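In this text, all values refer to a predicted model and were calculated from it rather than measured experimentally. Quick note: residue numbers are just sequence positions, from 1.
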Amino acid sequence: MTASQTNRREGVTLSSDSLNAFISPKGAELQKLRDQDGVDYLWGGEPSWPKHSPLLFPIVGRLANDRFDYRGRSYTMSKHGFARDKMFEIVHVGASSARFALSSDDATRAVFPFDFLLEVEFTLSGRRLDIRHGVTNLGSEDMYFSIGAHPAFRWPLGDAAKERSQIRFEHSEPAPVRRLVGGLVGRTEPSPVEGDRLALREKLFADDAIIFDALESRSLVYSCGGGRSVEVGWRGFEHLGLWSKPGADFLCIEPWRGYDSPIDFAGELDQKPGIAHARPGERLDFTLYIRIG
């Protein structure tokens, strides 16, 4: 199917011999990931949180007063940026792969003063979905941004009990984690990870997300003791958020480059902790894979 034949608003379905994936052009958002038994591993977007897997760009999290300064000017931007609410162009669709693109325009430049191309490519192979995010600086000056994935998986998976759920990290994660105060990074806590294992409990998220800003691992396995599991791996992303709403049946596993503004941060965008930096003409790639066990 050519790009000229894919000017549709309903979305794209990809298939392998083991999985089906559905991606909406709004936000290039993965909305379904089902196995051959019809089990959907993604959260269904129920009213308690009406999203599935939003793409965070060009910021991750919240800015103080929803504002950032750059070269003496102030810009207003709401939490997680604008990409998740934009209609992406469907550039290519095949049986098991698709590519979406979003380019800067007058509306984006009013809130984010850079020219960019954001491409998101999905590829299914067997029981694995690869997602490649490419950010290209189309301008003549350096560009500063953050980007993050935000997939929400069902918690628990299948019929297992929530209290049997855990995450096993690739490496031990002893570094302290960051927590939010008023939506901004405000305090440090001891790591809740014991060695490479994190026992998942709803009380972990009573104070919003857990932010790993000194992360050793580049993959993890989420399981619920009932035979089903999800492996998530990433490259280019340097940070990780884990989030759920107490009482809701989802767990967000979020590789990020960047995170919410620290509560005491008063610098310009290029000084923001965790920010990515692309030179003129440079493309930076941020990859994510999801493997169903």
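- Not less than 6.0 angstrom separates the ring centroid of His80 from the ring centroid of Trp256.
- Cation-pi contact between Lys162 and Trp155: present, with separation from the ring centre below 6.0 Å and deviation from the ring axis of at most 45°.
- For the 3.5 Å distance criterion, the side chains of Ser104 and Asp115 qualify, holding a donor opposite an acceptor.
- Across all their heavy atoms, Ala248 and Glu202 have their closest contact at O-OE2, 4.3 Å.
- Classified by interplanar angle (parallel below 30°, tilted 30° to 60°, perpendicular above 60°), the ring pair Phe250/Trp243 is tilted.
- In this structure, a donor-acceptor pair under 3.5 Å is absent between the side chains of Thr136 and Glu282.
- With no hydrogens or angles considered, a side-chain donor-acceptor pair links Arg127 and Gln36 at under 3.5 Å.
- Of the residues listed (Phe145, Phe112, Tyr75, Phe114), the one engaging Tyr70 in a ring pair (Phe, Tyr, Trp, His ring centres under 6.0 Å) is Phe114, and it is the only one.
- Taking the ring centroids of Phe57 and Phe116, they lie under the 6.0 Å cut-off.
- Centroid-to-centroid, the aromatic rings of Phe237 and His133 come within less than 6.0 Å.
- Judged by distance alone, the side chains of Tyr222 and Arg168 never bring a donor and an acceptor atom under 3.5 Å apart.
- Expressed to the nearest 0.5 Å, how far OG of Ser78 lies from CD1 of Ile59 amounts to 7.0 Å.
- Between Phe212 and Phe169, the distance from one ring center to the other falls under 6.0 angstrom.
- The cationic group of Arg128 lies under 6.0 Å from the six-membered ring centre of Tyr289 and within 45° of the ring axis, placing it in a cation-pi geometry.
- Looking only at distances, a side-chain donor or acceptor of Lys245 sits under 3.5 Å from a matching main-chain atom of Ser48.
- Neither side chain, His277 nor Asp270, offers a donor N or O lying under 3.5 Å from an acceptor on the other.
- The two residues Asn20 and Ser15 come nearest to each other via the heavy atoms OD1-OG, 2.7 Å.
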